[in-house]
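Every number for a ligand or one of its atoms is a count from 1 in the order of the listing. Values below: all heavy atoms of this structure, side chains included; hydrogens, waters and symmetry mates excluded. When a residue number appears, it is its place in the shown sequence, counting from 1.
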Amino acid sequence: MIKGNDPILLTPGPLTTSLETKQAMLRDWGSWDESFNAITTSICKDVVEVVNGKGSHVCVPLQGSGTFAVEAALANLVPRDGKVLVPNNGAYCARIAKILKYLGREHSVIDLGEDRQSTAAIVEGAIKMDPRITHVAQVHCETGTGILNPLPEIAAACARQGKGLIVDAMSSFGAVDIDVSKHPIDAVVGASGKCIEGAPGMGFVIARKEILEGSQGNSHSLAMDLHDQWTYMQKTTQWRFTPPTHVVAAFRSALDQFKAEGGTAARGARYRRNCDTLIEGMTALGLRTFLPRAVQAPVIVTFHAPGDPAYEFKSFYEKVRARGYILYPGKLTRVETFRVGCIGAIDFNEMRNVASAVAETLKEMGIKQVSPAKAAVTA
Ligand SMILES: *Cc1c(COP(=O)(O)O)cnc(C)c1O
């Protein structure tokens, strides 16, 4: 049993935050108070700058987990008679399709398989075949596996075809470069509890200003109406409804630490080293990654489960947890996997240590065949 230490979260949100970020939550804030509203304003300015959107884009923060912000972006920025193309290579892409179904927005899904990137050629080919498509909804890093989709070329393809692009950048924002001044994007969606390393509880939509301004009346829902939230905030500097004050304060602190670290380039480099150290340590044990290195984002790694009949995720999870690390179950339907996050206020030492914790656990469970079952790899 762990005494006195919280386990390290190797989950892609919530994730392990710094002490400073946690300490930022020790104060109560009045939601009408000027000092709190100044925090909201500064957060909005900073996240727009992370994607180089100053002058062209504005930020609308929204209460709730990341999915709330994705749903709000789709509901507000796609007109009711629009049609959305969803390149699908994982669980979060599938979630976008499900949201569109709930919203009653017409859409078509390209099923790529979970180990295949979305590309400009695929997106452009699908757009050409269906002139009714008005928008593409692209997940940047598909956290279901950890696959990185090549955003710059997809943005260029959408621009060539004159289509809108909404990006779920939840698990890449702050870790993988996104530059809306070079690569045309209508909206980038992120959240507080991912690579900026804040606490979970708020999302944000960074939208092209004219598109947001023209979106009045699109939303089916009052709570998710980004146009209304933004207009109200412009007028009053306040959130429309009760803001998650502690989460906002923690996010301010997390953004300060992000900037002090050196922004996206430095954070991405730390995560890349985490990811490399993790893969090196785990493959030395005989484990195998689900994705080839070339398409792996430095955010979360999917490993094939050991092929040994003695393996069972729940007891593997609990034994690794007892050694101080919280892993994540796999999210694939065809093959048995587990996932390990590389993000959060952790460095490569934690990644070395988790590989040791996994080694001890495999030994304790009596697992002899660490490599995956043959059927899993060829599936
Ligand atoms: C985390 C995440 C979301 C949002 O999930 P929530 O559980 O609502 O926070 C959406 N898309 C991606 C790619 C994510 O990683």
Side-chain angles (χ1 to χ4, degrees), residues 9-17 47 51 61-75 77 84 86-100 102-103 109 112 114-115 117-118 136-151 154 165-176 178 185 187-206 221 223-224 226 244 247-248 250-251 254 267-268 271 275 290-291 295-302 326-332 337 339-344:
L9 299 180
L10 299 178
T11 55
L15 38 65
T16 291
T17 58
V47 293
V51 296
L62 189 71
Q63 297 93 330
S65 84
T67 305
F68 290 61
V70 174
E71 182 162 329
L74 294 166
L77 305 179
V84 184
V86 187
N88 175 15
N89 53 6
Y92 291 95
C93 305
R95 188 177 294 174
I96 286 179
K98 196 170 178 184
I99 290 170
L100 292 165
Y102 266 74
L103 293 176
V109 176
L112 298 168
E114 286 161 314
D115 56 357
Q117 282 179 312
S118 171
V136 175
Q138 180 65 59
V139 174
H140 189 195
C141 167
E142 170 49 76
T143 323
T145 54
I147 196 169
L148 186 69
N149 291 306
L151 196 51
I154 293 167
L165 174 60
I166 295 170
V167 178
D168 173 349
M170 210 68 64
S171 65
S172 56
F173 189 90
V176 182
I178 300 171
I185 299 174
V188 177
V189 189
S192 55
K194 301 259 171 146
C195 301
I196 301 295
E197 300 179 1
M202 64 168 274
F204 49 87
V205 179
I206 300 167
S221 150
M224 299 236 158
L226 294 180
V247 171
V248 172
F251 192 48
R267 184 146 300 181
Y271 290 169
C275 183
F290 173 74
L291 293 174
V295 301
Q296 173 73 58
V299 170
I300 186 166
V301 182
T302 298
I326 301 233
L327 304 179
Y328 217 43
K331 221 175 178 143
L332 305 186
T337 54
R339 288 177 293 168
V340 187
C342 314
I343 63 179

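- When non-hydrogen atoms are compared, ligand 1 lies under 4.0 Å from the backbone of Thr67 as well as from its side chain.
- Annotation: side chain of Phe173 is in contact with side chain of Val51 (closest heavy-atom distance under 4.5 Å).
- Looking only at distances, no side-chain donor or acceptor of Asn88 sits under 3.5 Å from a matching main-chain atom of Val109.
- Between Lys331 and Thr337, the closest heavy-atom pair is N-OG1, 4.1 Å.
- Applying the salt bridge (Lys or Arg N to Asp or Glu O under 4.0 Å) test to residues at least two apart or on different chains, the pairs with a partner in residues 191-201 are Glu197-Arg267, Glu197-Arg270.
- Interface atoms of ligand 1 facing Ser171, defined by a heavy-atom separation under 4.0 Å, are 15 (O).
- Considering only heavy atoms from C-beta on, Thr145 stays 4.5 Å or farther from Asp115 through its side chain.
- At least one N or O atom of Thr143, backbone or side chain, sits closer than 3.5 Å to an N or O atom of ligand 1.
- The shortest N or O to N or O distance between Met170 and ligand 1 is not below 3.5 Å.
- If you look at Pro200 next to ligand 1, there are no close heavy atoms at all, none under 4.0 Å.
- Atom 9 (O) of ligand 1 has its closest protein heavy atom at Gly66 N, 3.2 Å.
- Each of the atoms 13 (C) of ligand 1 lies under 4.0 Å from some heavy atom of Cys141.
- Given atom 7 (O) of ligand 1, the protein heavy atom at minimum distance is Arg95 NH1, 3.9 Å.
- Contact annotation: for Lys194 versus ligand 1, heavy atoms closer than 4.0 Å belong to the side chain alone.
- Here the heavy atom of the protein found nearest to atom 11 (N) of ligand 1 is Asp168 OD2, 2.6 Å.
- Scanning both residues, Gly144 and Leu332, for their nearest heavy atoms gives O-CD2, 4.4 Å.
- Of the residues Leu148, Thr302, Ile147, the one that meets the side chain to side chain contact (heavy atoms under 4.5 Å, CB included) test with Leu291 is Ile147.
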